[in-house]
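Here's the structure we're looking at; comments come further down.
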There are 2 protein chains.
Amino acid sequence: MAARARQQTENKAEADADKTERMRSTKVSRNPQRTHAAILEAATEEFAAHGFGGARVDAIAARAQTNKRMLYHYFGDKEGLYLAVLEATYATIRDAEKQLDLARRRPEEGMRELALFTWRHFLAHPEFLSLLATENLHHAHYLQRSEKVSVMHSHLIDELSDVLHRGEAAGIFRPAVDPISVYLTIAALGFFYLSNRHTLSTIFARKLTAPDALNAWGEHIVAVTLASIRV
Amino acid sequence: MAARARQQTENKAEADADKTERMRSTKVSRNPQRTHAAILEAATEEFAAHGFGGARVDAIAARAQTNKRMLYHYFGDKEGLYLAVLEATYATIRDAEKQLDLARRRPEEGMRELALFTWRHFLAHPEFLSLLATENLHHAHYLQRSEKVSVMHSHLIDELSDVLHRGEAAGIFRPAVDPISVYLTIAALGFFYLSNRHTLSTIFARKLTAPDALNAWGEHIVAVTLASIRV
DNA sequence: CCAACTTGTAACCAAATAGTTATATCATGC
DNA sequence: GCATGATATAACTATTTGGTTACAAGTTGG
């Protein structure tokens, strides 16, 4: 989410600056949206890097080039900030998933598309994986508080169900395959490989993050997923 | 590891107490092995529950029913204690893996055995999964310092290679299957399901940890693994 | 243009935290 | 049987931490 958030923030900040300058041509020495977004982005990095307990509020304020007063002003306390980070990160995922439109693809192509989409998404958002690991350490304590995240992946599961049914009708996928199991399988293969890459490469002495290795694992996910649902 | 460590500790403690009482029949008010093991067990729980940054040294000392002086006496500092926990936890895994003897099993049975073993092992050792997640958050910083953990899974990979070769020779497995990819597949399916169960069940509103669901997922791992390597 | 409100800074505080010291007690080799 | 080192306790300290307060300065509606 970091890159995207920064992009949006800067765009908004520039727009605000332009408007203000057109009106009175003063130096922009305050900019609430920018400060808010800068804190959120800094917090995302800090929480992803150190976990909830390891994250330092002072460090977040410093990284956002503001101070703690603003942080507490916008987000209440450390937990509120953490929850805001979680929700913003999930929102990014949800937005990205909307890009998927598998309805017109042939079943096997659709499954390939879905698996590679998930894999590339994990690759592009390492902070999402880290936050997920941290949140699970805390038994999803904070995520459960959020009303916004409840019906999160329904779009994805709907699209997946459709693909599976069409594959079944065409006689190439087994009948009554559970879409959630299929999704968990795809997510598991991508998540584990990336989130555990450091301990895995320490143990196996293998460069898991070389570009070739990453592409190969993406194809591996596709192959395993298809093999597991074909008749 | 917790249960096993506690068991060993208590056995040793009892043996020591017996010996001491036979010799002079004094109350046992000091017992280095027990203290050492109690600290290690308490630290395992604390680090697994809160991560490195979230773990509290005072809490560990209190949980071990000793005090910080002893903790620093035996383990140097917080990082030394964390490293000791990591090494002890990996040692438990390594010991368990030695129970595996797949050499005489038919290939498909061997694969099933290996997958279920890994799954049951993860189920029995949730603290291992949490510590792994924490360690990866820190880019395996501490694990890399340990010389002891380098050639960790070699036994497992050797056994797996043998099973794959025999399956290939029998014409039921595809040729030149990469054993590490197969192991990663098995581990990924188990690890992700368990370590992310809290966020997953929040999102999907499904009880992932019901006994039936757990058994079903174990069979799912077996089925997916076999489907991915069969000719 | 000014009163009310928002955004910002920096100094401050109480509690928590990792790590230490002083000191006492147990065990044991000589 | 006692000198010595290992094991234990609890009080202590310096620093860090999350969170607050006093106050300054920018912004805006009337």
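A, B, ... follow the sequence lines: proteins, then strands. Residue 1 opens every chain. Below, each value reflects all heavy atoms present in this structure, side chains not excepted, and no hydrogens, waters or symmetry copies.
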Does OP1 or OP2 of C/dT9 have a side-chain N or O of A/T66 closer than 4.0 Å? yes

A side-chain contact here means heavy atoms from C-beta on lying under 4.5 Å apart; do A/F75 and A/L40 qualify? yes

Where the side chain of A/K78 is concerned, which of C/dG8, C/dA18, D/dG18 is the nearest nucleotide? D/dG18

Is the B/F128-B/Y90 ring centre distance short of 6.0 angstrom? yes

B/M70 has an atom CE; how far is it from atom C1' of C/dA22, in whole Å? 13 Å

Tell me the interatomic distance from B/I60, atom CD1, to C/dG19, atom P, rounded to whole angstroms. 11 Å

Is the phosphate of C/dG8, meaning OP1 or OP2, less than 4.0 Å from a side-chain N or O of A/N67? no

For side-chain hydrogen bond (donor to acceptor under 3.5 Å, both in side chains), just list the numbers for A/T185 and B/H220, CA-CA rounded to whole Å, side-chain angles, deciding distance to a tenth of an Å, and then say yes or no. CA-CA 9 Å; A/T185 302; B/H220 178 76; 2.8 Å; yes

Within less than 4.0 Å of OP1 or OP2 of C/dT9, is there a side-chain N or O belonging to A/Y72? no

Using a 4.0 Å heavy-atom cut-off, write out nucleotides 11-16 of chain C from 5' to 3' as B (base contacted by protein), S (sugar-phosphate only) or - (no contact). ------

Please determine whether a side-chain nitrogen or oxygen atom of B/T35 lies at a distance below 4.0 Å from atom OP1 or OP2 of D/dT7. no

Taking atom P of C/dT9 as reference, at what distance in whole Å does atom CG of A/L71 sit? 13 Å

Just how far, in rounded Å, is C1' of D/dA14 from CG of B/D77? 17 Å

In whole Å, I'd like the distance from the NE2 atom of B/H73 to the P atom of C/dT20. 14 Å

Using five pairs at either end of the helix from C/dC1-D/dG30 to C/dC30-D/dG1, determine the angle between the two local helix axes and round it to 10 degrees. 10°

With the side chain counted from C-beta on, respond yes when B/V222 and B/I186 share a heavy-atom pair under 4.5 Å apart, and no when they do not. no

Between A/N136 and B/T199, is any side-chain donor less than 3.5 angstrom from a side-chain acceptor? yes

How would you label the contact of B/A55 with the nucleic acid (heavy atoms, under 4.0 Å): base, sugar-phosphate, or nothing? sugar-phosphate

Would you please indicate yes or no on a ring centroid separation below 6.0 angstrom for A/F192 and B/F192? no

Does a side-chain N-to-carboxylate-O contact under 4.0 Å join A/R145 and A/E79? yes

From the set D/dA10, C/dG19, D/dG18, return the single nucleotide nearest to any side-chain atom of A/D58. D/dG18

To the nearest Å, how far apart are B/F75 CZ and D/dA8 C1'? 15 Å

Is there a donor in the side chain of B/T134 and an acceptor in the side chain of B/H50, or the other way round, less than 3.5 Å apart? no

Atom-pair distance (CZ on A/R69; P on D/dA25), nearest Å: 16 Å

Inspect the contact between A/E45 and A/R63 and indicate whether a charged nitrogen and a carboxylate oxygen are less than 4.0 angstrom apart. yes

